[in-house]
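Below is one structure, written out as structure tokens; comments come after it.
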Amino acid sequence: MATKARTQQTSPSKREEHVGRIVKALSGYYYVLPEEDAAGTKPIQCRARGIFKKRGESPLVGDMVLYERTENGEGTVDTILPRSSELARPPVANVDLAVLVFSVTEPALNLQLLDKFLVHIEHAGIEAMLCLSKQDLTVEGEETEQARQSMDEVLRIYKPIGYDVITTSSRLGEGTSEMMERLHGHIAVFAGQSGVGKSSLLNALVPGLSLETNAISARLGRGKHTTRQVELIHTGRGYVADTPGFSQLDFTELGIDELGDCFREMRKLAPSCKFRGCTHLHEPDCAVLEALEAGEIAPSRHKNYEHFMNEMKERKRRY
């Protein structure tokens, strides 16, 4: 929804404030794209007022802000407008769709990392979509069988619990039109394991973007980090963000009692458990454990849930 520009009288000179969105933050500067020129390509370089630091606040990429233009053609960010959502890692505001990009092979699909990303996204209250990249490797190359098995596994586990799954191949240009249609009207964050092809996919989605990409290091088995800061890219019909690759995520902002709610199938079954606050690990008459035994919950999902629970308990003991 568009936000109307307004003028605030901050001094006798009646400085004019404009509305814009921060599309990049780098070295203390915030690059604000004016709302009235959202389709343009020239954000205004701004500094943030010192009041934010005093309040312990910090503007984020994705924030809608009020800013003033200065005489040198730059600007100052005066006010952060209310956020609809906020991610800590990656630090982005107002995201309403998370595209989790995982390759079917090279690097091998890591379901534990996928579930960890989904926990963070569910906790943030953001809609998630799974993107399986490098789909071309399911029909050619030495990794064909492994790639097919990985794709089938994701479709079997995640579609029944309500996650959209799109398969893409940046090299062949497959899946990009479907992805663009899905991104329409959203501020989407692209996240996932390093080396899965996030930058290549964005290059395919936005012609002329030319984000830096690097091949997988065969010796190390992982991708080099090619994205060093969060940046929103205007597609003409929405925004997408390429974010730094992650090798791990922690649960510092999540409580142990909140973990089960971040697994959709467990959240749905929890009201039917005998005990309130059931951990879904050992309690009698647990609806989740009964569903697991009946084959209605994927064993990998429950195993990862148990692993995350132990990880959180261990962290709590240490601190």
Side-chain angles (χ1 to χ4, degrees), residues 87 89 97-105 107-133 135 138 145-167 191-193 196 246-318:
L87 288 174
R89 298 179 63 183
L97 177 66
V99 181
L100 303 184
V101 186
F102 280 73
S103 63
V104 292
T105 186
L109 184 66
N110 184 334
L111 290 183
Q112 185 179 104
L113 185 59
L114 172 55
D115 282 339
K116 186 169 279 194
F117 269 105
L118 285 173
V119 165
H120 284 265
I121 296 304
E122 290 284 347
H123 183 248
I126 296 171
E127 185 180 354
M129 178 176 68
L130 310 185
C131 173
L132 297 180
S133 64
Q135 184 268 341
T138 63
E145 188 57 35
Q146 177 188 345
R148 285 177 181 168
Q149 289 177 1
S150 295
M151 181 178 293
D152 290 344
E153 189 173 27
V154 170
L155 292 171
R156 175 177 55 82
I157 294 173
Y158 295 93
K159 283 189 74 70
I161 56 178
Y163 290 111
D164 288 341
V165 182
I166 291 181
T167 59
Q193 190 176 7
V196 297
F246 298 109
S247 59
Q248 63 181 11
L249 294 168
D250 57 45
F251 294 112
T252 53
E253 76 281 8
L254 186 67
I256 289 176
D257 58 340
E258 298 175 292
L259 182 61
D261 284 342
C262 297
F263 284 75
R264 288 184 174 184
E265 63 274 49
M266 297 185 194
R267 182 170 68 228
K268 183 178 179 180
L269 291 168
S272 299
C273 291
K274 181 177 180 179
F275 298 103
R276 185 178 179 182
C278 181
T279 65
H280 315 311
L281 295 177
H282 52 73
E283 293 87 348
D285 298 320
C286 169
V288 170
L289 291 177
E290 290 172 358
L292 176 66
E293 190 163 339
E296 297 166 1
I297 287 181
S300 65
R301 289 276 287 172
H302 191 268
K303 181 180 179 181
N304 289 337
Y305 165 78
E306 185 173 4
H307 177 82
F308 300 156
M309 180 71 77
N310 291 333
E311 183 180 326
M312 294 170 75
K313 288 178 179 177
E314 180 60 30
R315 176 178 292 275
K316 188 175 180 181
R317 280 196 292 269
R318 286 202 306 265

For residues Ile256 and Thr279, determine if any side-chain heavy atom of one lies less than 4.5 Å from a side-chain heavy atom of the other. no
Closest non-hydrogen atoms of Pro284 and Lys274, given as atom of the first, atom of the second and distance, are O-CB, 4.0 Å
With a 4.0 Å cut-off, would you call Lys116 and Glu311 a salt bridge? yes
Between Leu100 and Met129, is a side-chain contact (heavy atoms from CB on, under 4.5 Å) present by the stated rule, with each step listed? CA-CA 6 Å; Leu100 303 184; Met129 178 176 68; over 6 Å; no
I need the Ser150 OG to Asn110 CG distance, nearest 0.5 Å. 10.5 Å
I'd like to check Thr167 versus Leu155 (side-chain heavy atoms, cut-off strictly below 4.5 Å). Are they in contact? no
What's the spacing between Leu109 CG and Leu132 CG if we round to 0.5 Å? 7.0 Å
side-chain contact (heavy atoms from CB on, under 4.5 Å), that's the test. Do Ile297 and Leu269 meet it? Break it down for me. CA-CA 11 Å; Ile297 287 181; Leu269 291 168; 3.8 Å; yes
About how many Å separate CG of Asp115 and NE2 of His307, when rounded to the nearest 0.5 Å? 11.0 Å
Do you know the tightest heavy-atom contact between Cys273 and Ala287? SG-N, 3.4 Å
So which atom in Leu289 and which in His280 form the shortest heavy-atom distance, rounded to 0.1 Å? CD2-O, 3.4 Å
Over 60° means perpendicular and under 30° means parallel, so classify the ring planes of Phe263 and Phe308, tilted if in between. tilted
Over all atoms of both residues, closest heavy-atom pair of Arg264 and Arg301: N-NH2, 3.9 Å
Taking all heavy atoms of Leu97 and all of Ile126, pick out the closest pair and write down the distance. N-CG2, 3.6 Å
To the nearest 0.5 Å, how far apart are CE in Met309 and CG in Leu259? 5.0 Å
Just do the side-chain contact (heavy atoms from CB on, under 4.5 Å) check on Arg267 and Glu122 with the steps written out, would you? CA-CA 11 Å; Arg267 182 170 68 228; Glu122 290 284 347; 3.4 Å; yes
Which atom pair, heavy atoms only, marks the closest approach of Cys131 to Val99? CB-CG1, 3.9 Å
Between the side chains of Tyr305 and Asn310, is a donor N or O closer than 3.5 angstrom to an acceptor N or O? no
Does the side chain of Leu254 reach to within under 4.5 Å of the side chain of Cys262, using non-hydrogen atoms? yes
Between Leu130 and Leu118, is a side-chain contact (heavy atoms from CB on, under 4.5 Å) present by the stated rule, with each step listed? CA-CA 9 Å; Leu130 310 185; Leu118 285 173; 4.0 Å; yes
How far does NE2 of His282 sit from CD of Glu306, to the nearest 0.5 angstrom? 9.5 Å
When rounded to the nearest 0.5 angstrom, what is the spacing between CG in Leu114 and CG in Asn304? 9.0 Å
